[in-house]
Amino acid sequence: MKKLCSLYNQFEELILVWSLICTVVIVFVQVIFRYIFNDSLSWSEELTRYIFIWQIWLGASYGLTKDKHIKVEVLYNFFPPLGKKIISIFANLCFLGFCIFLLVNGGELVQTLYVQNSVSPALRLPMYLVYLSLPFTSLVMALRLVAHTIGLIKSPAVQTPLQMKKEEA
């Protein structure tokens, strides 16, 4: 299971890198067309917007693996190790609840767009493909949060060497 997770993490990182490269190239080509040829591409802005939406949600999911989400640690740092563990578990459960909310409501939105057969104006791309990023990444984040929370619950509440050095000083 860990190997599968590792492969998905690498795939997600690769998708994020390549989507950024594609976005930069598309915007660069659009600028060239607009300012040098006095013409613009009708689809470029729409495509970069949709790629960016996927980048945001995939980036949020990937950020969870690297523990890069914004946290308020002012009060957290005053607690002993057991208190920090409890706060971390509580925060993960709140985040998990939010991911489940996004998964359910995002899934309903995707279903509605699929049934309505909505398409984008310039590319004629099915809109449910754009909005699929929300329930998909919410599911991935929820699975990661469950695994992280289980790991927190199973781990002992001990101080790290860095925390011990701070107390000694």
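Everything numeric here is computed off the predicted structure, so don't read it as measured data. All residue numbers refer to positions in the sequence shown, counting from 1.
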Problem set entry | Sub-4.5 Å side-chain heavy-atom contact between L7 and F11 | no

Exercise. Which atoms form the tightest heavy-atom contact between M141 and S61, and what is the distance?
Worked result: CG-CA, 3.5 Å

Exercise. So which pairs with a foot in residues 145-154 pass salt bridge (charged side-chain N to carboxylate O under 4.0 Å, His left out), sequence neighbours left out?
Worked result: none

For this session: Group every Ile, Leu, Val, Met, Phe, Trp and Tyr by side-chain heavy-atom contacts under 4.5 Å, then state whether I15 and L20 land in the same group.
Result: no

Exercise. Of the non-hydrogen atoms in S88 and L152, which two are nearest, and what is the gap between them?
Worked result: CB-CD1, 3.7 Å

Exercise. Among the clusters formed by ILVMFWY side chains lying less than 4.5 Å apart, do V27 and I21 turn up in the same one?
Worked result: no

Exercise. Do I153 and L93 sit in the same hydrophobic cluster, where Ile, Leu, Val, Met, Phe, Trp and Tyr count as joined when their side-chain heavy atoms come under 4.5 Å apart?
Worked result: yes

For this session: State, with a plain yes or no, whether a side-chain heavy atom of I51 is found less than 4.5 Å away from one of I26.
Result: yes

For this session: Name all pairs fulfilling the side-chain hydrogen bond (donor to acceptor under 3.5 Å, both in side chains) condition that reach into residues 15-42, sequence neighbours left out, sorted by first residue then second.
Result: S19-Q55, Q30-S44

Problem set entry | Y8 side chain near V140 side chain, heavy-atom distance below 4.5 Å | yes

Exercise. How would you list all residue pairs meeting salt bridge (charged side-chain N to carboxylate O under 4.0 Å, His left out) that involve residues 60-71, not counting sequence neighbours?
Worked result: D67-K71

Seminar exercise, completed: Nearest heavy-atom approach of E46 to L123 is OE2-N, 3.0 Å

For this session: Spell out, as yes or no, whether a donor-acceptor pair under 3.5 Å connects the side chain of H69 to the backbone of A60.
Result: yes

For this session: Spell out, yes or no, whether L14 and L58 are grouped together once hydrophobic residues are joined by side-chain heavy atoms under 4.5 Å, including indirect joins.
Result: yes

Problem set entry | Shortest non-hydrogen contact between L129 and W54, atoms and distance | O-NE1, 3.1 Å

Exercise. Which pairs, with at least one residue in residues 90-106 and sequence neighbours excluded, count as a side-chain hydrogen bond (donor to acceptor under 3.5 Å, both in side chains)?
Worked result: N92-H148, N92-T149

Exercise. Is any side-chain heavy atom of P135 less than 4.5 Å from a side-chain heavy atom of V110?
Worked result: yes

For this session: Rounded to the nearest 0.5 Å, what's the gap from CG on L96 to OG on S138? Could you check?
Result: 10.5 Å

For this session: State plainly whether one hydrophobic cluster holds both L132 and F52, where clusters connect Ile, Leu, Val, Met, Phe, Trp and Tyr through side-chain heavy atoms under 4.5 angstrom apart.
Result: no

For this session: Would you please test L145 and C99 for side chain to side chain contact (heavy atoms under 4.5 Å, CB included) and show each step?
Result: CA-CA 9 Å; L145 283 165; C99 287; 3.9 Å; yes

Seminar exercise, completed: When every non-hydrogen atom of L16 is compared with those of G59, the smallest separation belongs to CD2-N, 3.8 Å

Exercise. F101 vs F98 aromatic rings, parallel, tilted or perpendicular, using cut-offs 30° and 60°?
Worked result: parallel

Exercise. Can you pull the ring-ring contact (aromatic ring centres under 6.0 Å, His included) pairs that have at least one residue in residues 117-138, sequence neighbours excluded?
Worked result: Y114-Y128

For this session: Measure across V119 and M127 and return the closest heavy-atom pair with its distance rounded to 0.1 Å.
Result: C-CG, 3.7 Å

For this session: Return each pair, listed once, that meets salt bridge (charged side-chain N to carboxylate O under 4.0 Å, His left out) where at least one residue sits in residues 6-33; pairs must be two or more places apart or across chains.
Result: E12-R144

